[in-house]
Amino acid sequence: MFDFYPRLALNNLRKNKDTYWPYMLTSIVCIATYYIMQSIAMNQGLLQISGGAVAVSIFFLGTIVIAIFCIALLFYTNSFLIKRRKKELGLYCVLGLEKRHVAMVLFFETLFSALFCLILGLVFGVLFSKALFLALLYVLDFSTPIAFSISIPSLITTVVLFCILYMLLFVYNATHVQRARPVELLRSTQTGEREPRASWLLTLLGIVCLGGGYFIAVTVGDPLNALLLFFVAVLLVIAGTFCLFTSGSIALLKLLRKNKRYYYQPRHFISVAGLMYRMKQNAAGLASICILSTMVLVTVSTTVCLYMGRDNMLASFAPASINGEVTVTEGAERTPQQLSAEIDTAMEQDELLPQVIEERYIWRSEEFYALHQGNQISAAPNNSSQKPFLVSLIPLEDYNSMTGQSLFLDDSEAVLFTNDASFSGNTVQLGNETLHITKMLEEFGPYRRDTLTNVQTVYFFVVADASRMTQLASAAGAPEEPILYVFLNMAEDAALQDSVMQALVDHTPPETLYNLSSRTSITEEWNSLYGSFLFLGLFLGSLFLMATVLIIYYKQISEGFDDHDRFSILQKVGMSRKEVRATINKQILLVFFLPLAMAFVHMVFAYNVICNILVIFGMTNRMLFLSCCLTTFLVFALLYLVVYRLTAHTYYRLAGA
C-alpha cells in the first residue's frame with residue numbers, strides 16, 4: 001500500500017505536466033536566484049575591496065527581498081495548481097480514498113517536486129553564479145581579482161528556506177482538501193461565477209486612492225519628503241489599482257452591455273458576457289500584472305539611470321583628483337598663498353615632488369543657503385518650504401591668484417559663476433547691497449557649468465576683497481564662517497593620491513586641519529554602490545518579469561480550460577471557427593494589454609517623485625532618467641508582446657479555437 005502513493009504521485013505529475021512544468025520551472029529559477037544572491041552576499045572577498053562592504057550590505061537586503069518575493073510567488077502558483085486539481089482530488093475521494101490518503105498523495109507530489117526543483121535549482125545556481133559573479137565584478141569595476149568558490153553556507157541556507165516553504169505548501173494543500181467535501185471538489189470546475197455587482201463605493205475608493213497617490217507623487221518637491229512619502233503613494237496606488245480593476249471594470253462592462261448596438265453582436269456579446277462572469281478572478285490577476293509591470297519599470301529604469309549617470313555625478317562631486325576643505329583654528333588665519341606653500345613643504349618632507357600636482361585651486365569662501373525673489377537674494381530660514389540654493393562669496397585676490405589674471409572690482413561689482421540656466425540680468429540684490437555683474441564665468445577653478453548638472457543650484461560671487469566678502473555675507477543675513485577650499489589635480493593614481501593626502505595630514509602645522517577625499521576612492525565607492533544597485537535592480541526586475549509572465553501564462557491556461565466547452569457549443573450552434581477565434585483574440589487583447597497601459601500611466605505620475613528621490617543619491621539629470629524610463633518601457637512592452645503571442649497559442653489550443 002505504501003508503494004501505491006509514490007506511484008500515483010509520479011503519475012499525477014506526469015499527466016498534469018501542462019500545469020506543473022511552469023510551477024517547477026518557477027521553483028527552479030527562484031532557488032537558483034536566491035542561491036546566487038546569497039553566495040554573493042556571503043563572499044568574504046568583497047569585504048577586502050574598497051567599497052565592497054557597501055555592496056555586501058545591499059546584497060544582504062536583496063536576499064531578504066528575493067526570499068519574500070519567492071514565497072509569495074510560489075504560494076500564488078500553488079493556489080492555481082490546487083484549484084485545477086480539485087476535481088481530480090474529489091474523484092479520488094469518491095472512488096474510496098480517504099482524505100488522509102489523498103493527503104499522502106499530495107505529500108509525495110510535494111516531495112518529488114521539491115527534490116527535483118532543489119537539485120536542478122542548486123545545480124543551475126552553482127553553474128550560473130560564477131558567470132554572474134564575474135559580471136558583478138565588471139559592473140562594480142573591481143580590478144582586483146576575487147576568488148570564487150561554491151558557498152556551502154549559501155547551499156545550506158537555500159535548502160533550509162525552500163524545504164520550510166515546501167512544507168508550508170503541503171500543509172496548505174492538505175488543509176484545503178481536508179476542509180472541502182468530495183462533492184464540492186467534483187463540482188468545483190462547474191461552479192460558475194455569479195454576476196458581480198458594480199460597487200460604486202469601491203469604485204469611488206479606488207479613484208480616491210489612485211488620485212491621492214498620484215497627487216503625492218506629482219506635488220512632492222523636497223527629496224527627503226519624497227523618500228518618506230513614496231511608500232505612502234505606492235500603497236495608495238496599489239489599493240486604487242485593485243479597486244478600480246475590480247469594480248471599475250465591471251461598471252464598464254455593464255455600460256457596454258446596456259449599449260444594444262454594441263452588445264448584440266456575436267463577437268462583442270461573447271467577449272463582454274465571458275468577462276462579466278469571471279471578472280472578479282480576472283481583476284485580481286490583471287491588477288497583479290499591472291503592479292508587477294510597474295515594479296519592473298521602476299526598478300530597472302532607476303538603477304540603470306544611477307549607473308549610467310555616475311560619471312557625471314563624479315564630475316560634480318569630485319571635480320579634482322583631491323578635493324576638500326581646510327579648517328584653521330581660531331587666530332591662525334591662512335591665505336591661499338600660505339596654504340600652497342605649506343602643501344609644498346609637506347610634500348617635500350614626505351619625499352614627494354611638488355611638481356606631481358599639475359593644477360591647484362585654493363580659495364576662501366563665505367557661503368550660505370539662500371532663496372531669491374527676482375534678483376533679491378537672502379539667506380534661507382531653517383523652516384523654509386522652498387528649495388534653497390548655495391551662495392558662495394569669494395575674494396577677488398584669491399580668484400586672481402588661482403587663475404593668474406589681474407581683474408579689478410570695486411565694492412559694487414562682482415563676477416558670477418552659476419549653473420542656473422534661468423538666471424538673467426546684470427544686477428543682484430544681496431540683502432540691502434546691490435551688486436553689478438561685470439562678467440559671467442563658464443568655469444570656476446575645477447568646476448565647469450556643463451558638469452554641474454547633477455548638483456543643486458550654485459551661485460559663486462567673486463567680490464572686491466575679503467572684507468567685502470564678510471560685509472555682503474552679513475548683509476544677506478548669513479553667518480560669518482569662512483571656509484578654505486583646496487582642489488589638487490594630478491595623475492589618476494590611487495597610491496599617489498593617497499600619499500599626497502597622507503603627507504598633508506602628517507606634515508602641516510597642527511592648527512591646519514584637512515578634510516580631503518580622492519577621486520579614485522570616491523570612484524571605487526560609487527562604482528560599488530551604483531553597480532550593486534544596477535545588479536540588484538536587474539536581478540529583481542528579472543524576477544518581477546518572470547512573475548508577470550507566469551501570471552499571464554496561468555491566466556491563459558485557466559481561461560482556455562474554462563472556455564473550451566463554451567466555444568465548442570458556440571461552434572455547434574452556428575458560429576464559424578474564424579468568428580470564435582476573432583472573439584477570443586478580442587477578449588485576450590482587452591484583458592492583457594490593459595495592465596500594460598495602466599503601468600505606463602503609473603510610471604508617468606511616478607516620474608516626479610522618483611526624480612526627487614534620485615537627488616538624494618546625487619542624480620538630478622531628469623532627461624537621463626526620462627530616456628531610461630522610455631527605453632525600459634519600450635523593451636518591456638516588446639517582451640510583453642512576445643509573451644502574449646506565445647501564451648495566446650496555448651489559449652487557442654486549450655479553448656479548441
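If you read the sequence from its start, that first residue is 1, and numbering goes on from there.
- Counting only heavy atoms from C-beta outward, the side chains of Ile291 and Met598 never approach each other to under 4.5 Å.
- Rounding to the nearest 0.5 angstrom, the gap separating the OG atom in Ser113 from the OH atom in Tyr166 is 6.0 Å.
- To the nearest 0.5 Å, atom OG1 of residue Thr63 and atom CE of residue Met37 are 8.0 Å apart.
- Taking the side chain as every heavy atom from C-beta outward, Leu118 and Cys163 approach each other to under 4.5 Å.
- The closest side-chain heavy-atom distance from Phe116 to Ile28 is below 4.5 Å.
- Remark: the backbone N or O of Cys628 is not paired with any side-chain donor or acceptor of Thr631 at under 3.5 angstrom.
- Contact record, Gly541 with Thr299: CA-OG1, 4.0 Å, taken as the closest heavy-atom pair.
- By the neighbour-count criterion of 12 heavy atoms within 6.0 Å, atom CE of Met308 is sparsely surrounded, having that number or fewer from other residues, nucleotides or ligands.
- Rounded to the nearest 0.5 Å, atoms OG1 (Thr175) and CG (Leu106) are 10.5 Å apart.
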Derivation and outcome, side-chain contact (heavy atoms from CB on, under 4.5 Å), residues Thr632 and Val304: CA-CA 9 Å; Thr632 303; Val304 169; 5.6 Å; no
Intermediate values then yes/no, side-chain contact (heavy atoms from CB on, under 4.5 Å), Ile216 and Val609: CA-CA 8 Å; Ile216 292 174; Val609 67; 5.8 Å; no
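- Every residue two or more places apart in sequence or in another chain that forms a side chain to side chain contact (heavy atoms under 4.5 Å, CB included) with Ile610 is listed here: Phe230, Val298, Thr302, Ala606, Leu614, Phe625.
- Residues forming a ring-ring contact (aromatic ring centres under 6.0 Å, His included) with Phe600 (at least two apart in sequence, or on another chain): Phe633.
- Within the 4.5 Å cutoff, side-chain heavy atoms of Ser39 are placed close to those of Tyr35.
- Nearest heavy atoms, Gly213 versus Ala233: O-CB, 3.8 Å.
- For Phe128, the side chain to side chain contact (heavy atoms under 4.5 Å, CB included) partners two or more places apart in sequence, or in a different chain, are Ile36, Phe124.
- Distance check: Phe593 CZ to Ile289 CD1 gives 11.0 Å after rounding to the nearest 0.5 Å.
- Considering only residues two or more places apart in sequence or on other chains, Ile164 meets the side chain to side chain contact (heavy atoms under 4.5 Å, CB included) condition with Val160, Leu168.
- Residues satisfying the ring-ring contact (aromatic ring centres under 6.0 Å, His included) criterion with Tyr23, sequence neighbours excluded, are absent altogether.
- Between atom SG of residue Cys629 and atom OH of residue Tyr607 there is a gap of 7.0 Å, rounded to the nearest 0.5 Å.
- With sequence neighbours left out, the side chain to side chain contact (heavy atoms under 4.5 Å, CB included) criterion links Ile68 to Ile64.
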Trace of the side-chain contact (heavy atoms from CB on, under 4.5 Å) decision for Leu210 with Leu236: CA-CA 6 Å; Leu210 201 61; Leu236 288 174; over 6 Å; no
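- Among all heavy-atom pairs drawn from Leu624 and Cys305, the shortest one is CD2-O, 3.9 Å.
- At a threshold of 4.5 Å between non-hydrogen side-chain atoms, the residues Leu165 and Leu161 do not count as touching.
- Between Leu596 and Ala637, the shortest heavy-atom contact is CD2-CB, 4.2 Å.
- Checked against side chain to side chain donor-acceptor pair (under 3.5 Å), Tyr214 has the following partners two or more places apart in sequence or in another chain: His602.
- Taken to the nearest 0.5 Å, the CG atom of Leu120 stands 10.0 Å off from the CG atom of Leu25.
- What you find for Leu169 and Leu74 is that their closest heavy atoms are CD2-O, 4.2 Å.
- For the pair Asn612/Arg622, a side-chain contact is recorded, criterion being any heavy-atom separation below 4.5 Å from C-beta on.
- Between Leu122 and Leu155, the closest heavy-atom pair is CD2-CD2, 3.8 Å.
- Thr520 pairs by the side chain to side chain donor-acceptor pair (under 3.5 Å) definition with Gln497, Ser518, not counting sequence neighbours.
- Partners of Thr294 by side chain to side chain donor-acceptor pair (under 3.5 Å), not counting sequence neighbours: none found.
- Ile31 places a side-chain heavy atom less than 4.5 Å from the side chain of Cys117.
- By the side chain to side chain donor-acceptor pair (under 3.5 Å) test, Ser154 is found to be paired with Ser151, residues two or more places apart in sequence or in another chain being considered.
- Considering only heavy atoms from C-beta on, Ser301 comes within 4.5 Å of Met603 through its side chain.
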